[in-house]
Protein chains: 2
Amino acid sequence: MTIQQLSKEIGISIDTLRIWERRYGFPIPTRNARGHRSYSGDQVDELRIVKKLQSLGHRPGKIFALSSAERRELLTVAAEQELPPNQALQQLTKEFSPSQIDEELREQLQKLGLVSFIHQYALPLLQALDQGWTEGSISIAREHLVSDRLEQLLREQLVTEQPTKSQKQLLFLTLSGERHKLGLLLAAALFHAEGIGCILLNQELPISEVPQLASELQVDGVALSFSFHYSTRQAKNDLARLRNQLDPQFKLIAGGQAVQGGIQMQNLIICTTLKQIPRICRKLSA
Amino acid sequence: MTIQQLSKEIGISIDTLRIWERRYGFPIPTRNARGHRSYSGDQVDELRIVKKLQSLGHRPGKIFALSSAERRELLTVAAEQELPPNQALQQLTKEFSPSQIDEELREQLQKLGLVSFIHQYALPLLQALDQGWTEGSISIAREHLVSDRLEQLLREQLVTEQPTKSQKQLLFLTLSGERHKLGLLLAAALFHAEGIGCILLNQELPISEVPQLASELQVDGVALSFSFHYSTRQAKNDLARLRNQLDPQFKLIAGGQAVQGGIQMQNLIICTTLKQIPRICRKLSA
DNA sequence: GTCATCTTTTGTCCTAGACAAAATTAGAAG
DNA sequence: CTTCTAATTTTGTCTAGGACAAAAGATGAC
């Protein structure tokens, strides 16, 4: 695999891959006839683990000081601190076919209602998927499959609504480079449940387009999500740039793993947990 | 704007931006205190035009030999060769609110049926959006908005189906880096209309996950789309790698602008127009 | 006109060095 | 022993300029 393919596949920049090789001696790829790097499948797997550990808060220096086995152990230890998923979720994540997944999700949504479904079902499900990947019992492909069906289901709940003029309206979107849209969707669903009008845009937008869209749609604010794909540094940069371009009348709300690390900015609301959403809504309506 | 932000915003790699500057003398950004490149808003707009001309088949050498005004003219000339959009579409693309767009789309779908809706309504609509952008009468933001609603509508049509065991099944997906999902969706809708079971995955998958997913879902083939975001070179690379990793029993179908330029490979079906789909379906069922 | 060969264009990769922002450690003061 | 500030290390992204293969275009033979 070439350096570009690797970079795309795991979401680490080419520059970073090269400097890791220079500094830490890993990954050291073979070279093809041209002198270009060529990575093995094992190296890809190892880097996935490195990425995961990094997103758990470990720094590259520490991670690369460990052996491959030690890295795996560290990951397992972290996973064991979480609750084990219940059996119903096991089935869903491991055995069900696409249509069975759909059926199960819709049934649970019906039974629990949107808010409880998110807190009591969707979040544990996502956690189970994550844990399953760590253990090696769930393939990335399956993870994608299940979260895709959940995404579609939630999206349907949000798009069919008709906003009333009186309520506050928020525009939910992700910036270019953010592939993870599920977190934003969960947040939007909860805002919706609190009576906020939610306009959801399932596209990765360039920053410069956001101000125009916000004023054209006459929303009261813009909500963004930055997953672990985004480095905290970049999230901060992008938010600063956006806040700068966006008229101060619009609220700006940011959530997701990349903004947990204490970003502070004027006129910016950071949403660290989904549980904060009711409080933010009260603030918005005031 | 930094080089990274610019690269993300318009989808041209950092390496390419730097070498364009070296070779053609455009864009030449100012430098900040660190000596890092800093691009102006005008340069961003100009590069969007360059990108558009490039996707129309012009080569960088030619494009950069022109003046800014000449570039704009070339773009306008190209746009005028297309049919002017009718008034109904004008309204949709320029005036309607999100919920009005939804309403109109759903009404047209109801009236025309899926296949006619795609050929007689969706495709002209997308063309009108594109043309509007060229003229400057439609913002990129609005373009995103309309295509997002269309995407959601089509997705709903496809996800609600229950596949029967007997029919052929295809897995529709995009690879990491491919943000444009609408083309794939249109294709999937037409395959669906021909009686093919369509499993749609709205995620950008790494190549290495595709073989596993295909065999887990027991589909008969995998269909991919490569929009103008993808260079032909990369599409070719990725397809070769995927064909190599994927068991020969699975068909591989590729479509989109990036594969129009005559990619040929064993065991690969290239779909240059949506009109070819019925023929491909007959081939599949045989 | 068609095919094969030569030339130019183009994008991606290479090395190796620099530096600021973030994170950590050390030290001082309460 | 805690809290705050200052020095130090770590880390990712940028820089320059060179190299080369694949794609596209031009040339010439038949």
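Convention: sequence-line order gives letters A, B, ...; per-chain numbering from 1. Worth knowing before you read on, the calculation uses all heavy atoms, side chains too, and leaves out hydrogens, waters and symmetry mates.
- Put simply, NE2 on B:H58 is 15 Å from P on D:dA24, counting in whole angstrom units.
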Per-residue pairing states of DNA chain D in dot-bracket (Watson-Crick or G-U under 3.5 Å; . unpaired, | other strand) read ||||||||||||||||||||||||||||||

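- For A:R72, the salt bridge (charged side-chain N to carboxylate O under 4.0 Å, His left out) partners are A:E46, not counting sequence neighbours.
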Its contact letters, B for base, S for sugar-phosphate only and - for none at protein heavy atoms under 4.0 Å, make nucleotides 12-22 of chain D read BBBBSBBB-S-

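- Judged as a side chain to side chain donor-acceptor pair (under 3.5 Å), and not counting sequence neighbours, the contacts of B:Q276 are B:T272.
- At a threshold of 4.0 Å, the pair B:K181-B:E204 counts as salt-bridged, since one of the basic side-chain nitrogens sits closer than that to a carboxylate oxygen.
- Residues passing the salt bridge (charged side-chain N to carboxylate O under 4.0 Å, His left out) test with A:R243, sequence neighbours excluded: none.
- The stretch residues 29-41 of chain A participates, sequence neighbours left out, in these salt bridge (Lys or Arg N to Asp or Glu O under 4.0 Å) pairs: A:E21-A:R31, A:E21-A:R37.
- For A:D45, the salt bridge (charged side-chain N to carboxylate O under 4.0 Å, His left out) criterion is met by no residue, not counting sequence neighbours.
- Not a single side chain to side chain donor-acceptor pair (under 3.5 Å) links A:S38 to another residue, sequence neighbours left out.
- Residues forming a salt bridge (charged side-chain N to carboxylate O under 4.0 Å, His left out) with A:R22 (at least two apart in sequence, or on another chain): none.
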